[in-house]
Amino acid sequence: MKFMKLGSRPDTFYTSEAVRSVSSEVSSDLLVQVKGSRYLLHKFPLLSKCLRLQRLCSELPESSQHQIVQLPDFPGGVEAFELCAKFCYGITITLSAYNIVAARCAAEYLQMAEDVEKGNLIYKIEVFFNSCILHGWRDSIVTLQSTKAFPLWSEDLGISSRCIEAIVSKVLTNPSKVSLSHSHSRRGRDDMSCNGAESQRHRLAAKGWWAEDLADLGIDLYWRTMIAIKSGGKIPSNLVGDALKIYAIRWLPNVSRAGNAKKQAVSDSDSDSNSEELTSKDRLLLESIISLLPAEKGAVSSSFLLKLLKAANILNASSSSRMELARRVGLQLEEATPNDLLIPNLSQANEKLYDVDIVMTIVEQFMLQGQSPPTSPPRSKLVCERRRSRSAENIDIEFQESRRSSSASHSSKLKVAKIIDNYLQEISRDVNLPLAKFVALAEAVPEFARVDHDDLYRAIDIYLKAHPNLNKSERKRLCRILDCKKLSMEACMHAAQNELLPLRVVVQVLFFEQARATMASGKVTELPSNIKALLAAHGLDSSRPPAPLSTTTSITHEDQWSVSGLKSPSKSKLSTLKMKLAEDDDLDDNDDTQQDRMSRNSLVKAFCAIPARPKKMFSKFWSNSRTTANDKN
């Protein structure tokens, strides 16, 4: 930290009976009152340098003892006035980044300019400020921080703007060319003395060496500084994002923990005006950070954006700020985790634990990116064409690039589907979560994005357990989003014994498992009579299982079971199954009652009678059913 000493005389100020005086053989003739404090001083040294005091004394009547001057609105208070008074007496004073703003404002108030006396205080402060303070990194930041106590004076005198310009110029300059008198440089030297990994981390962090020090600024000054840094165009957006994250961690309340405790704390403090004021300041700080977020995708992580969104909910930020965060999260939703999406619901209109609506908005924003798979460019009909033109080759190159871009988009949708299914498992435990919200969020993910439905089935199972009062139609509506042919063997085994599922879902699971096993073995298997009856009740013809497909036959994507290579039944039979199961919702209660008479254990036993692979597939079912039968006997 740089400093400057002015004057050479020793300090002779003293206090007597609550009055500050200066030791002198000449009696005092001026009484100055500054914010409740009184100073007995001499006119000559003060009036010779302070034009304001000259004018005030000229307006006062002559007095045989002391002329009284009152300065109630003196900037900087008693400390700043005494510093100016000591300068007038030639007493040694020390100027540094910590008191230079107060001294400059006080000197301006007293009008201690060059036209009053050469080498006056304003001139000396300006020389020190421009030649020393603005050249140092830490000095510039400390000086800028101190302007917060004198906002109007600092703006009028250009102190804030000059400090910001100096700081920004250093940020945009190579750190090796900047005088770093701050804690970060010391930490850097410590890291360099450690092992190579620590040194490497230091070199990587050196690009954003300025972020931690700027985090000491208040939000108003920080916002202005960051705007200037961004407008410089030399700092990468990811470094700007890292700086904002450091600032948010420093100043925003901790919202990464349980939202219920925070919600209770907020509700308990509604009547406390002090807490409301703090909440208002935090809200302003949050919205300022949101306005500074770089526009580039990936500049900040999804995790950080979602933490800001949680804070926005807790602090009741503006809807525009929340929607902006939701839009940004939607652009990179594939980077999020299910826990990141667990945003506490603080609305008094409903009792849901989590804000599902904002997550729905995020998913919609993700889907609005609208990167549909490109279509293949038209091929030439001339088979005998030996050599393609250069333009045709360019078309193929562009097509391959677009395919790679589309593949990245497709993979991101696969990741998002996995994230949403795991998120559904978390929120399905909420007893106040409406069925419509659950189904809408599940259906917001494209069907092709779910390679398997195991996670979705797990979420449905949890929801059924947490909502035992669902009626039959609601359970059917819930299970309609499930594609049984995309369930693994373990999930099918669990579903076949799940008492909470509608019976039609169990039938569908068993039918697809039998069909899958049949197509894998290439043999037509005769089904037991009770299974035939059950399938017939659902409109499925089990007497004609689909013929095995040749390995040389081309198979479309829609007709493939999965990446395991298992072939599906014919497309028409799958359509028939879906139509019949959809019509099952319209069956009357008598038909449902008749179907329910067949127990799930009998279904399992019947399918265990199927030879070859199906029998192995349901061996666990047979074991469970036999145990149940023995227990009953």
Ion pair present between [X] and [Y], side-chain N to carboxylate O less than 4.0 angstrom?
X    : Y    : result
R55  : E59  : no
E82  : K86  : yes
D220 : K148 : no
K413 : E334 : no
R38  : E17  : no
R162 : E165 : no
R138 : E212 : no

Minimum side-chain heavy-atom gap D139-Y98 below 4.5 Å: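 Counting from C-beta outward, D139 and Y98 never come under 4.5 Å.
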L333 vs L341 side-chain heavy atoms within contact, under 4.5 Å: yes
Within the 3.5 Å criterion, strictly below it, is a donor on [X] or [Y] matched to an acceptor on the partner's side chain?
X    : Y    : answer
S318 : S321 : yes
T92  : K5   : no
Q332 : K297 : no

side-chain contact (heavy atoms from CB on, under 4.5 Å) partner of I159, chosen from I164, I100, V101: V101
Plane angle bin for Y89 and H42 - parallel if under 30°, tilted between 30 and 60°, otherwise perpendicular: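 Plane angle over 60°, so perpendicular.
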cation_pi(R52, Y109) dist<6.0 Å, angle<=45: yes
